[in-house]
Amino acid sequence: MLSTRLAACAVAAGALAVPLALAGTASATTGTGSAYGLAAQGLVAIPQTPAVTATADKSLIHLPANPLIDVKILHVTAKPAYARASVTDLSVAKAALTAHLVTATCKNGNGVSHLADAQIAGHRLAVDAAPNSAISVPVQGLGAVAVTLNKQVNNPDGSLTVTAIEVRLANAQTISISSATCNAADMPTQPPGGTTPPGQPTGKPTPSPTGPTTPPSQAPKPTPVPSNLPVTG
Amino acid sequence: MTDRSIRAPRGRAALPHAPVRARSLTTAAAATAAVAMLATGCGKSHSPAPSGDKAAPSTGKLPQATTYTTLKGLGQDAADAAADGTVAHPKAAVPVSATAGGPPVAVLPSTQLGGPTWVPVVETKPGWERVLLPSRPNRSTGWIPTGKVGLETAHSPYQIKVDDSARTLTLTRSGHRVGSWTVAVGAAKTPTPIGRTFLLASLAPAKKTFSPLILPVGAHSETLDTFGGGPGTVAFHGWPSVSVFGKAVTHGCVRVPADALKKLSEVPLGTPVVVTA
């Protein structure tokens, strides 16, 4: 049911995919922020639009017409250790999901999202949702729609991405609305193959000349050992 | 209710691993559920260092840097800021020196409490790394060579901060707050030691009476030489009664809510823990 609808949408949107492919990717780079207003993957594909990296500011009035998503204004801005994305008057899937304002702000490695007058299938969405608030809402004609509010992802390079709303439709379609990525100002990331910048007050470790030249991998999650230690209660 | 049933006051007279005294407190009102749980979960093992902490044969006579030992002649960590998240795992026992290039005075085994040894790196010189150690005295640090043995280096994006006076624990990842919880900290006579330490191990006790998980850190109680037969190691763990959170009632451990324990269980070993007054 959903797939046929979306397939129909995709057919209708076929000609639209080309004009929509207008923005570059927004990936985290060292010491910078990046942001995009909206992106969709699946039967309706929209690249990150508009997208900024480094120090930049972009606005876009309306997405090119498509069968799934309508917005009025998308605005993104980024500078070192800061990024912000906002989308106004959002309407997804024939107003199943609407919001007056959707913002994501990433500052110094910390992310927050904010929704104004947001609702899905008649359910109001929290204004300032806790990070990674996941809800599943039955929407007539679409089945269960999974929504993640204030989605926060720690990227391998140490940066944080906060996405105000992520919508998943039956694993066939993903929509990300207002996404911002940034680093902590005092914690520059290590680009692949890069070296650790010097100069931390307490003696920042630098790669040993005899050690591996690749950046250290993420330390593993511990596996609990079936054991006991009398600790200090 | 009281939960101070088992303690051994610190002092020269108190032998390590000696049967704890002060049982006199275990009377009347002490027969509470919490005390029973404490006694069974925290205070019955008198076993010394487990055999899993191996040392290399060549350095067999040097003391091992484990939670059971006291090391002499090593430097003290003076910083109270979290390290940058670099953590190191020796794949085999590695000698520990007081200075970079100096003679070894201890051995850091490849395992701690049955799990892999991961220690935070707080300073680096060519061929050497200064790491925090899990032994007494608190804040012990030592230099380990990076070239001679297999030393695996990784990065933990996490930091754990405990505010002793506010009685809060805050977990951050890549500078972003994962969560902040009201916790129980050490009582006035058995305070949670202040300073920088690290997550030492993740233990799943057979008897999960007071916590499904025990997360020992590198620090020890400054006032109790032993506790319950153990070396007085400070740890994060859960607690069956939420009434303790926000209070300074423990023997040094930090009791955390179940949600905090779940989040902490995902934090890599070696991750810096900073306790501030």
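Every chain is numbered from 1 and lettered A, B, ... according to where its sequence line falls, protein lines coming before strand lines. Note: hydrogens, waters and symmetry copies are ignored here, and every other heavy atom, side chains too, is used. Every value quoted in this text rests on a predicted model; they were computed, and no experiment measured them.
- Each of Gly252(B), Ala235(B), Ala204(B) has some count of heavy-atom pairs under 4.5 Å with chain A, and the biggest count is that of Ala204(B).
- Options Asn132(A), Asn154(A), Thr223(A) differ in how many heavy-atom pairs under 4.5 Å they form with chain B, and the most are formed by Asn154(A).
- Residue Val87(B) touches chain A through its side chain alone, counting heavy-atom pairs closer than 4.5 Å.
- Distance alone, capped at 3.5 Å, is enough to place a donor-acceptor pair between the Thr232(A) side chain and the Cys253(B) backbone.
- Counting heavy-atom pairs closer than 4.5 Å to chain B, the top residue among Gly111(A), Pro220(A), Gly109(A) is Pro220(A).
- A distance of 11.5 Å separates CG of Leu215(B) from CG of Leu229(A), quoted to the nearest 0.5 Å.
- Between the NE2 atom of His176(B) and the CG atom of Leu160(A) there is a distance of 6.0 Å, given to the nearest 0.5 Å.
- Leu269(B) touches chain A through backbone and side chain together, each having a heavy atom under 4.5 Å away.
- Around NE2 of His100(A), the count of heavy atoms belonging to other residues, nucleotides or ligands within 6.0 Å does not exceed 12.
- Atom NZ of Lys208(B) sits about 9.5 Å away from atom CG of Asn228(A), to the nearest 0.5 Å.
- In plain terms, the two heavy atoms of Ser202(B) and Pro222(A) that are nearest each other are CB-CB, 4.0 Å.
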